[in-house]
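Sequential numbering from 1 along the given sequence is applied to the chain's residues. The model shown is predicted, which means the values in this text are computed figures rather than measured ones.
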Amino acid sequence: MRTTNERVLEVFDAIADRYDRQMATCERWLFPGSRAWVTGRAAGRVVEIAVGTGLNLPLYPEAARSVVGIDLSEAMLDVARKRVEDEKLGDRVELRRDDAQRLHLPDGCADTVVSTFTLCSIPDADAAVREAFRLLRPGGRFVLAEHGPSSNLAVRTLMRLVEPLILRLSADHLTRDPRPMLSRAGFRIEDVARGRLGVSFRILAVRPE
């Protein structure tokens with residue numbers, strides 16, 4: 001079963017006002033510190049795909065000189081815009097409605113591309129990863145925090161059993177493994193760390209020179 005942009009929009013438009021609370025609980029138990037890890041490795045011109053409500057935006061270091069955050073959902077972007085205003089980030093953050101699978105940004109425009117818990121819901125995740133490759137200058141970094149198939153057999157089996165239901169309800173592919181997508185797009189994977197229950201991935205990949 002595959003998701004569509006229309007279904008993704010339906011899901012995320014509906015949960016935009018409670019997304020932060022839901023993610024806080026999930027991240028506390030399964031992905032602690034993932035956002036800080038990802039943003040801490042961003043530098044230069046940054047593009048964040050599926051920026052959502054902008055949870056990462058206050059975490060970027062000064063080394064990230066500018067951040068373009070894109071998302072498909074206008075409702076999610078409305079929350080992100082409020083966060084940019086509240087955190088006084090408007091001098092270096094730009095938010096745009098766009099599709100991660102077909103971005104309206106030029107080749108080689110980014111030093112870093114960031115993705116946090118997004119490839120699971122993008123209908124054609126391979127296309128999004130190829131777009132990240134296109135946007136990066138040679139030597140640029142793609143930094144990701146994602147979930148995927150657990151390294152624990154029992155947990156992985158359970159994830160696969162409930163995945164069809166979760167996909168119908170939340171447009172979320174629980175067991176998508178980001179690593180093969182990165183390799184297919186031409187990235188060199190430099191670092192992979194697995195977190196609790198082997199469900200979480202922290203990945204640093206580079207577009208070769």
Side-chain angles (χ1 to χ4, degrees), residues 5 31 33-73 76-77 80-81 83-84 87-148 176-194 200-209:
N5 276 2
F31 314 115
S34 291
R35 292 184 186 275
W37 185 91
V38 168
T39 54
R41 284 154 180 77
R45 297 164 297 169
V46 179
V47 175
E48 182 174 340
I49 62 173
V51 68
T53 62
L55 285 169
N56 291 335
L57 297 177
L59 304 178
Y60 282 105
E62 291 184 5
R65 297 191 307 274
S66 65
V67 180
V68 176
I70 66 95
D71 204 272
L72 194 62
S73 167
M76 298 284 276
L77 284 170
R81 291 184 186 107
R83 177 167 273 116
V84 168
E87 299 283 346
K88 297 179 173 56
L89 300 172
D91 59 335
R92 63 171 179 152
V93 173
E94 177 186 357
L95 298 173
R96 302 184 184 184
R97 186 177 187 275
D98 207 347
D99 183 347
Q101 302 160 114
R102 292 175 296 277
L103 289 165
H104 293 84
L105 291 168
D107 296 356
C109 68
D111 300 298
T112 311
V113 174
V114 165
S115 170
T116 53
F117 313 114
T118 60
L119 296 181
C120 54
S121 296
I122 296 173
D124 187 347
D126 274 292
V129 173
R130 290 193 298 270
E131 280 291 87
F133 188 91
R134 180 182 69 80
L135 297 185
L136 283 167
R137 61 167 177 78
R141 292 177 160 190
F142 191 13
V143 193
L144 308 93
E146 301 288 348
H147 66 70
R176 271 187 177 167
D177 189 331
R179 295 168 297 181
M181 291 184 272
L182 293 166
S183 296
R184 286 193 293 268
F187 282 103
R188 182 177 71 248
I189 298 175
E190 294 205 336
D191 186 29
V192 179
R194 306 292 293 272
S200 68
F201 293 78
R202 296 179 182 180
I203 302 175
L204 173 62
V206 174
R207 174 171 177 164
E209 297 277 0

Verify, without hydrogens or angle tests, whether [X] (side chain) and [Y] (backbone) share a donor-acceptor contact under 3.5 angstrom.
X: Glu131; Y: Leu103; answer: yes
X: Asp191; Y: Leu204; answer: no
X: Arg134; Y: Leu105; answer: yes
X: Glu146; Y: Thr118; answer: yes

- Task: Would you please classify the geometry between the Phe133 ring and the Phe187 ring as parallel, tilted or perpendicular, with 30° and 60° separating the classes?
- Result: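 The arrangement is perpendicular - the two ring planes meet at more than 60°.
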
Where is the tightest heavy-atom contact between [X] and [Y], given as atom of each residue plus distance?
X: Thr112; Y: Ala43; answer: OG1-O, 2.8 Å
X: Gln101; Y: Asp124; answer: OE1-N, 2.8 Å
X: Glu94; Y: Arg96; answer: OE2-NE, 2.8 Å
X: Pro178; Y: His147; answer: CD-O, 4.5 Å
X: Leu135; Y: Pro106; answer: CD2-O, 3.6 Å
X: Ala125; Y: Arg176; answer: CB-NH1, 3.5 Å

- Task: With salt bridge (charged side-chain N to carboxylate O under 4.0 Å, His left out) as the test, would you mind laying out the steps for Arg141 and Asp111 before giving the verdict?
- Result: CA-CA 6 Å; Arg141 292 177 160 190; Asp111 300 298; over 6 Å; no

To the nearest 0.5 Å, tell me how far [X] [atom1] sits from [Y] [atom2].
X: Ile203; Y: Trp37; atom1: CD1; atom2: CH2; value: 8.0 Å
X: Leu144; Y: Leu119; atom1: CG; atom2: CG; value: 6.0 Å
X: Leu182; Y: Ser115; atom1: CG; atom2: OG; value: 9.0 Å
X: His104; Y: Arg97; atom1: NE2; atom2: CZ; value: 11.0 Å

If you look only at distance, which donor and acceptor atoms sit under 3.5 Å apart when one is on a side chain in residues 62-72 and the other is two or more places apart or in another chain?
unit_1	atom_1	unit_2	atom_2	d
Asp71	OD1	Ser73	N	2.9
Asp71	OD2	Val51	N	3.4
Asp71	OD2	Gly52	N	2.8

- Minimum side-chain heavy-atom gap Leu57-Glu87 below 4.5 Å: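 SC-SC contact between Leu57 and Glu87 ruled out.
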
- Query: Going by the side chain to side chain donor-acceptor pair (under 3.5 Å) test, which pairs reach into residues 46-60, not counting sequence neighbours?
  - Reply: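 Side chain to side chain donor-acceptor pair (under 3.5 Å) check on residues 46-60 returns Asp20-Thr53, Arg35-Asn56, Glu48-Asn56, Glu48-Tyr60, Asn56-Thr116.
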
